[in-house]
Amino acid sequence: MPRLYCDANPRCIAYVLDGGGSGYQDLPSGHTSMEAEYLSIIYGLNEYFLKWNRELDARQSDMNKESLAAAELDHRQSEFYQAGNPSDRTKRLLPPPVLVLSDNEVVVNQLIRQYHIGDDRLRRLAQRVWQMTQNIDVKYEWCSRNENLAGKMLK
């Protein structure tokens, strides 16, 4: 399971994705540390989805070359070309499960729905995370500040 490390402070966010992909982003003033932590998770998940889509596109490109060669051979052998269903060509696999690690215990417990989210801005950010991950298996875990790879980018 890929690991996504997220960390933030009110001035900037950082995330590190196992297997490649990391980011650091300065934030405009006015964000709390909790809001910044949610934003680091959102940015990190965006990177995770982009990486997955690039991998799928690469697989699709390889598959297209193979399927075109097979279809051409099939067409030569048969009088009637068997075209695939268009929906077969547009199916996209869902990304594998991901483990999101953060050293902010409150945010982790809010995302796993153990803690109530009283602040409207935080609730909207949490809903954004839940919406982004509704079709994939995602786990949220607390990790110590020393183990958080994203935290090392903030120092």
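Atoms considered below: every heavy atom in the structure, side chains included; atoms not considered: hydrogens, waters and symmetry mates. All values reported here derive from a predicted model rather than from experimental measurement.
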Student check: side-chain heavy atoms of R11 and L27 closer than 4.5 Å: no
D137 vs K139 side-chain heavy atoms within contact, under 4.5 Å: yes
Gap separating the CD1 atom of I41 from the CG atom of N46, nearest 0.5 angstrom: 12.5 Å
Test side-chain contact (heavy atoms from CB on, under 4.5 Å) applied to V107 and M34, step by step: CA-CA 7 Å; V107 169; M34 295 283 286; 3.8 Å; yes
Closest heavy-atom pair and its distance - L101, C143: CB-SG, 4.0 Å
M153 to G23 - nearest heavy-atom pair and separation: CE-O, 3.5 Å
Smallest separation among heavy atoms of Y48 and P2, with atom names: CE1-CG, 4.0 Å
For D103, the option from N146, V108, D7 that meets side-chain contact (heavy atoms from CB on, under 4.5 Å): D7
Working for side-chain contact (heavy atoms from CB on, under 4.5 Å), residues W130 and L125: CA-CA 9 Å; W130 293 327; L125 290 168; over 6 Å; no
Interatomic spacing from CD in Q114 to CG in N109 - rounded to 0.5 Å: 5.0 Å
Residues which pass side-chain hydrogen bond (donor to acceptor under 3.5 Å, both in side chains) with R121, listed by chain and number, not counting sequence neighbours: E35
Shortest non-hydrogen contact from M1 toward P97: CG-O, 3.5 Å
S33 to P10 - nearest heavy-atom pair and separation: N-CG, 3.9 Å
Co-membership, hydrophobic cluster, residues V100 and L122, 4.5 Å side-chain: yes
Shared hydrophobic cluster, W52 / V138 (ILVMFWY, side-chain heavy atoms < 4.5 Å): no
Nearest heavy-atom neighbours spanning C12 and L154: SG-CD2, 3.4 Å
Validation row: Y115, V106 side chains within 4.5 angstrom (heavy atoms): yes
Audit row: R128, M132, side-chain contact (heavy atoms from CB on, under 4.5 Å) steps and yes/no: CA-CA 6 Å; R128 171 77 178 171; M132 291 174 69; 4.0 Å; yes
Spacing of Q131 atom CD and Q134 atom CD [to the nearest 0.5 Å]: 6.5 Å
Heavy atoms of other groups near F49 CZ, more than 12 under 6.0 Å: yes
Modelled atom types, side-chain donor and acceptor of Y38 and Q110, under 3.5 Å: yes
Joint cluster assignment, L50 & I13, ILVMFWY side-chain distance < 4.5 Å: no
Heavy-atom check, side chain of Y140 versus side chain of V129, under 4.5 Å: yes
Sub-4.5 Å side-chain heavy-atom contact between V16 and N148: no
Contact check, side chains of Y5 and E147, non-hydrogen atoms, under 4.5 Å: no
Side chain proximity check, L4 to L99, heavy atoms < 4.5 angstrom: no
Spacing of CD1 belonging to I117 relative to CD belonging to Q127, to within rounding of 0.5 Å: 7.5 Å
Nearest-0.5 Å distance that lies between atom OG in S102 and atom CZ in R145: 9.0 Å
